[in-house]
Amino acid sequence: MALAKRTQITERVSTRFDVQFVNAFNHPMFGGNTFFGWNNEPNTDVSSPQTFGVLSQQFNSPRYIQMGLRFDF
């Protein structure tokens with residue numbers, strides 16, 4: 001998700017303010033053990049009954065916000 005605001009200062013000079021959001025609503029996605037680099041399923045290792053079906057890791061990254069200000073002339 002991204003937002004931008006452009007403001008004309010003079011006829012030849014303007015600014016642009018940008019805000020970019022990654023995982024803007026900060027919804028966690030949980031996962032278990034990874035087999036091929038990523039997995040969003042619960043732990044499916046039946047040899048360890050204590051951890052079977054347990055969601056033990058967060059699959060995605062937390063909220064990240066990036067801001068920028070650009071001058072055009």
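Values in this document were obtained by computation on a predicted structure and should not be read as measured data.
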hydrophobic_cluster_shared for Phe25 and Val19, side chain cutoff 4.5 Å
yes
With sequence neighbours left out, write down each residue that passes side chain to side chain contact (heavy atoms under 4.5 Å, CB included) with Gln50, or none if nothing qualifies.
Ser48
Looking at residues at least two apart in the chain, or sitting in another chain, which of them share a salt bridge (charged side-chain N to carboxylate O under 4.0 Å, His left out) with Arg16?
Asp18
Taking a hydrophobic cluster as the set of Ile, Leu, Val, Met, Phe, Trp and Tyr residues connected by side-chain heavy atoms closer than 4.5 Å, whether directly or through intermediates, do Val13 and Phe17 fall within one such cluster?
no
Listing, residues 63-73 side-chain donor-acceptor contacts under 3.5 Å, not counting sequence neighbours, or none:
residue	atom	partner	partner atom	Å
Arg63	NE	Ala24	O	3.3
Arg70	NE	Asp72	OD1	2.8
Arg70	NH2	Asp72	OD1	3.3

Taking every non-hydrogen atom, the tightest pair across Thr10 and Gln8:
O-NE2, 2.7 Å
